[in-house]
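Quick notes on the structure that follows.
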2 protein chains.
Amino acid sequence: MSKKTPVKRARTKQRRLSPEERRQEFVAKATEFFAEEGFGGGTRALARRLGVTQPLLYRYFPSKDDLIKEVYRTVYLEPFGDGWEKLLGDRTRPLRERLKEFYAAYTGVIFSRKWLRIYFYSGLKGLELNRSYVGIVRDKILTRIIRECRNEAGLSAQNKPSAAELEMAWVFHSGIFYYGVRKFVYEAPVLESKEQMISDAVDALIAGFASVFGEKEEARKVAVKAVV
Amino acid sequence: MSKKTPVKRARTKQRRLSPEERRQEFVAKATEFFAEEGFGGGTRALARRLGVTQPLLYRYFPSKDDLIKEVYRTVYLEPFGDGWEKLLGDRTRPLRERLKEFYAAYTGVIFSRKWLRIYFYSGLKGLELNRSYVGIVRDKILTRIIRECRNEAGLSAQNKPSAAELEMAWVFHSGIFYYGVRKFVYEAPVLESKEQMISDAVDALIAGFASVFGEKEEARKVAVKAVV
DNA sequence: GCAGTTGTTTATCGCCCGATCACTAATTAA
DNA sequence: TTAATTAGTGATCGGGCGATAAACAACTGC
């Protein structure tokens, strides 16, 4: 309320950080700020949260848009490890186990209010960034998962998944994704155990994939299709 | 670019609409506008799109926020029919058929750039509206679906679905939902046939539900759980 | 045709926004 | 100690925002 008193910070006491450290500190705090306020949030409010004055931002970033681009970079590109692809393809371990471990790790990164809200804000802004992210998920994750599901269901290996297979993987993946959205964005009640949610979803995917695409379960599949 | 020339619209020619018609026209156009620009879009730009001047909006709506509330109302509340609950529970028809018909109708309503973007913008704004929408989906749709899945899997009827069952229904429902998001918000390529996507997802749900929760498939279930 | 009512515009207010500039304080190098 | 460099601030600019008030234009009933 009474933000009138300028408080007169004791400027001399706190240790001065190196320029790069300071910059990173600004980006990190800005990420939290924009996650809450959206990219329409003002630079003055942001500066207030950083404990500095607004013009100082312009010493570290040429414009607000440049700052936002840095926020994107740290949120999207940094966390995407490449050990994940290997994990998914490691056939010395059961597929269920691999999938559960992968999604435990993946959701460990993206299931936070900050990550998800930045993701949606940038998506609504129409940035090509989201489209490219969707492409990465498709190529690095879903294509691998389908390959393993085909193997699990006793189907012949083929490099390219069919559009229908890819779509089923998307439905599965998005279902898990949306658990995080409900919990961290809508703050709606969810199943308390994330692990069980993932476990059940993985089981359903493997069973469903075999049911829809499997040859070894042709009897079931025919019965399914006959109803339609 | 050269918006300088005021264009001097021929004001006398166009027929004057009744006040209520005019109001509804404004709300409809405002919905499209906010879906694209977000609720941060300016009233001047909106008025320009409506072909009127900005102060005129304030004769029809006391404030910008009131206009936004009307937009919510028409987007969320109007389309939600109540024949859907009956459709889901109609056991004279096969479950697969009911689910496919329901999701064909449901996605027919919500799968549009307009609907989905308004949904996300309001969700990010922190409005309680989204949380209540989530509650409606849970009670009116998912609870019914689980009841029918239990019946299909030969399980005893119980009124309240378990949290794990509800979560599996959410994963399934969200997976379908996200097909629309990918197509209409991210404008990413999707399986061209929405019907097949729904059909496969429904098949996977029924097979997956039986696999995870079914008693008649206890052997498979035990095998599944043993891996973990 | 005129009065009253309703629809619409022009002009404007106060506010907040992103950005810039000139200045001061703190740190570093000699 | 002093000169140069860097970090940070206060004041301010032009512009867009939501909202208001007063004037004007167009219908309506008499």
Side-chain angles (χ1 to χ4, degrees), chain A residues 1-30 33-34 36-72 121 125, chain B residues 1-27 29-30 33-34 36-71 121 125:
Chain A
M1 299 304 170
S2 66
K3 277 284 164 53
K4 286 299 179 62
T5 359
V7 174
K8 212 62 181 178
R9 243 168 301 93
R11 299 211 305 239
T12 173
K13 279 308 168 60
Q14 56 217 26
R15 154 142 177 59
R16 184 185 273 187
L17 285 72
S18 91
E20 194 46 43
E21 281 174 329
R22 195 101 171 97
R23 213 182 130 87
Q24 287 173 359
E25 185 197 352
F26 279 10
V27 172
K29 292 269 185 69
F33 175 78
F34 287 130
E36 289 308 315
E37 306 296 325
F39 296 117
T43 53
R44 270 166 251 262
L46 168 58
R48 202 178 310 126
R49 187 180 289 208
L50 292 171
V52 299
T53 54
Q54 179 245 8
L56 186 59
L57 294 173
Y58 290 85
R59 177 163 301 265
Y60 288 89
F61 309 96
S63 74
K64 185 186 175 183
D65 254 15
D66 289 272
L67 169 54
I68 289 175
K69 275 175 190 152
E70 293 245 5
V71 167
Y72 285 145
Y121 275 122
K125 224 182 160 192
Chain B
M1 299 304 167
S2 68
K3 277 284 166 53
K4 286 296 181 63
T5 1
V7 174
K8 212 62 182 178
R9 243 169 300 92
R11 297 209 308 238
T12 173
K13 279 308 171 58
Q14 56 216 26
R15 155 142 176 58
R16 184 185 273 186
L17 285 73
S18 92
E20 193 47 41
E21 281 173 328
R22 195 103 171 96
R23 212 182 131 86
Q24 286 172 0
E25 186 197 351
F26 279 11
V27 173
K29 292 269 185 68
F33 176 78
F34 287 129
E36 289 309 316
E37 307 295 326
F39 296 117
T43 53
R44 271 165 251 263
L46 169 58
R48 201 180 309 126
R49 187 180 290 209
L50 292 170
V52 298
T53 53
Q54 178 245 8
L56 186 59
L57 294 174
Y58 290 85
R59 175 156 305 261
Y60 289 89
F61 309 96
S63 74
K64 185 185 175 184
D65 254 16
D66 288 272
L67 169 55
I68 288 175
K69 276 176 190 152
E70 294 245 5
V71 168
Y121 275 122
K125 224 181 159 193

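Throughout, protein chains are lettered first and strands after them, A, B, ... in sequence-line order, and every chain is numbered starting at 1. Basis for what follows: all heavy atoms, side chains included, without hydrogens, waters or symmetry-related copies.
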Whole-Å gap separating P (C/dG7) and CG (B/L50): 16 Å
Reading 5' to 3' through nucleotides 15-21 of chain C, protein heavy-atom contacts under 4.0 Å coded B for base, S for sugar-phosphate only, - for none: --BBBBB
Rounded distance in Å - CG (B/L56) to P (D/dA19): 15 Å
Residues in side chain to side chain donor-acceptor pair (under 3.5 Å) contact with B/Q54, at least two apart in sequence or another chain: B/T43
Within-4.5 Å side-chain heavy-atom neighbours: A/E37 and A/R49: yes
Touch class at under 4.0 angstrom, heavy-atom based, for A/Y60 against every strand present: sugar-phosphate
Value in whole Å for how far the C1' atom of D/dT9 lies from CG of A/L57: 13 Å
Set of side chain to side chain donor-acceptor pair (under 3.5 Å) partners for B/R23, sequence neighbours left out: B/E70
With A/F34 via side-chain contact (heavy atoms from CB on, under 4.5 Å) - residues at least two apart: A/A30, A/F39, A/L46, A/K64, A/L67, A/I68, A/V71, A/I118
Nearest-Å distance for atom pair CZ/P, residues B/R22 and D/dA26: 14 Å
All side chain to side chain donor-acceptor pair (under 3.5 Å) counterparts of A/E36, not counting sequence neighbours: A/R113
With B/F33 via ring-ring contact (aromatic ring centres under 6.0 Å, His included) - residues at least two apart: none
Spacing of B/R59 atom CZ relative to C/dT10 atom P, expressed in whole Å: 15 Å
Nearest-Å distance for atom pair CZ/C1', residues B/F34 and D/dC17: 13 Å
